[in-house]
Amino acid sequence: MHALKTYIVEDSPVIRESLVALLEESVPVTVVGTAEDELTALNWMGDHQRPDDCDLVIVDIYLKGGSGLGVLKAGAGVYKPAKWVVFSNHATPEMRNRCLELGADCVFDKSNEIDELLLYCNRLASDDEVADERVIPPAVEPTETAPGASPSPTAGLA
């Protein structure tokens, strides 16, 4: 497991500080920078172009100045191999699709998907494969059962 070099774009100081604390407590991360607006985020990205500068960028959609969508649009296609995560209270189906179209690797809702964000980050730190839109458990293949027998509730979970 390696420490994820993480850049956070979040305008609320309380949420930003809480997110940094939660990530540092739950995931092997090193926060390499933060921004509260689009311009600061874009300037940071312009100054940190090496592939090893950042592993993960977490972006809120609504910022004090500009938009997380602008950050995503400008950076996600060119600032690789970093993974791009949108973490917002406005994760409607339409907004999720828009973020994915702009290059987000996944989108999490601040109000009810914090555990999923942490799982995603831990899997990234472990170099496990990560689902593009959400962390999804692998599919369970059906197994055949003898005629007349009911399938085992744990069939296929081995």
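Owing to the predicted nature of the structure, the values given are computational and were not obtained by experimental measurement.
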S.K.: Taking the side chain as every heavy atom from C-beta outward, state whether Val85 and Val107 have any pair of such atoms under 4.5 Å apart.
M.R.: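 Answer no - side chains too far apart.
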S.K.: Atom CG of Leu118 and atom CD of Glu113: how far apart are they, to the nearest 0.5 Å?
M.R.: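 Answer for the CG-CD pair, Leu118 versus Glu113, is 12.0 Å.
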S.K.: Using a 3.5 Å distance criterion without hydrogens, assess whether the side chain of Asp55 forms a donor-acceptor pair with backbone atoms of Lys5.
M.R.: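 Flag set: sc Asp55 to bb Lys5 pair under 3.5 Å.
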S.K.: Would you please name every residue forming a side chain to side chain donor-acceptor pair (under 3.5 Å) with Glu38, sequence neighbours left out?
M.R.: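 Glu38 satisfies side chain to side chain donor-acceptor pair (under 3.5 Å) with no residue once adjacent residues are dropped.
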S.K.: Mind checking what makes ring-ring contact (aromatic ring centres under 6.0 Å, His included) contact with Phe87, not counting sequence neighbours?
M.R.: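 With sequence neighbours excluded, Phe87 shows a ring-ring contact (aromatic ring centres under 6.0 Å, His included) to no residue whatsoever.
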S.K.: Under a 3.5 Å distance rule, please check whether Ser126 uses its side chain to pair with a backbone N or O of Asn122 as donor and acceptor.
M.R.: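 Yes; at least one donor-acceptor contact below 3.5 Å.
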S.K.: Looking at side-chain heavy atoms only, is the closest gap between Arg96 and Asp109 below 4.5 Å?
M.R.: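 Yes, at least one pair of side-chain atoms sits under 4.5 Å.
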S.K.: How long is the gap from CG on Leu119 to CD1 on Ile114, to the nearest 0.5 Å?
M.R.: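 One finds 14.0 Å between CG of Leu119 and CD1 of Ile114.
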S.K.: What's the separation between atom NZ in Lys73 and atom SG in Cys99, rounded to the nearest 0.5 Å?
M.R.: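 Those atoms lie 13.0 Å apart.
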S.K.: Looking at CH2 of Trp84 and SG of Cys54, how far apart are the two atoms once the value is rounded to the nearest 0.5 Å?
M.R.: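 So the gap between those two atoms works out to 8.0 Å.
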S.K.: Same cluster or not: Ile15 versus Leu56, using hydrophobic residues (I, L, V, M, F, W, Y) connected whenever any side-chain heavy atoms lie under 4.5 Å apart?
M.R.: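 No, Ile15 and Leu56 fall in different hydrophobic clusters.
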S.K.: So, do Glu10 and Thr34 sit near enough that their side-chain heavy atoms are less than 4.5 Å apart?
M.R.: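 In short, these two side chains do not touch, never coming nearer than 4.5 Å.
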S.K.: Is any side-chain heavy atom of Ser12 closer than 4.5 Å to one of Arg16?
M.R.: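 Sidechains of Ser12 and Arg16: no contact.
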S.K.: To the closest 0.5 Å, what do you measure between CG (Leu72) and CD (Glu101)?
M.R.: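 It is 10.5 Å, given to the nearest 0.5 Å.
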S.K.: For a quick test of your reading: what N or O donor-acceptor pairs under 3.5 Å do the side chains of residues 58-66 make, sequence neighbours left out?
M.R.:
from, atom 1, to, atom 2, distance (Å)
Asp60, OD1, Ser88, OG, 3.3
Asp60, OD2, Lys110, NZ, 3.2

S.K.: Taking side chain as C-beta onward, heavy atoms only, is Val31 less than 4.5 Å from Ile8?
M.R.: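 Yes, close enough: below the 4.5 Å cut-off.
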S.K.: Stepwise, does the side chain to side chain donor-acceptor pair (under 3.5 Å) test hold for Asn43 with Thr40?
M.R.: CA-CA 5 Å; Asn43 285 337; Thr40 302; 5.8 Å; no
S.K.: Please find the pair of heavy atoms, one from Ala76 and one from Gly103, that lie closest to each other, and give the distance.
M.R.: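 Looking at all heavy atoms of both residues, the closest pair is CB-O, 3.6 Å.
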S.K.: Would you check, one step at a time, whether the test side chain to side chain contact (heavy atoms under 4.5 Å, CB included) holds for Thr6 with Thr30?
M.R.: CA-CA 6 Å; Thr6 304; Thr30 301; over 6 Å; no
S.K.: Begin with the C-alpha distance, continue with both residues' side-chain angles, and end with the deciding distance and a verdict on side chain to side chain contact (heavy atoms under 4.5 Å, CB included) for Leu4 and Leu23.
M.R.: CA-CA 10 Å; Leu4 294 174; Leu23 287 170; over 6 Å; no
S.K.: Is there a path of hydrophobic side-chain contacts, each under 4.5 Å between heavy atoms, that joins Phe108 and Leu22?
M.R.: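 In one cluster: yes.
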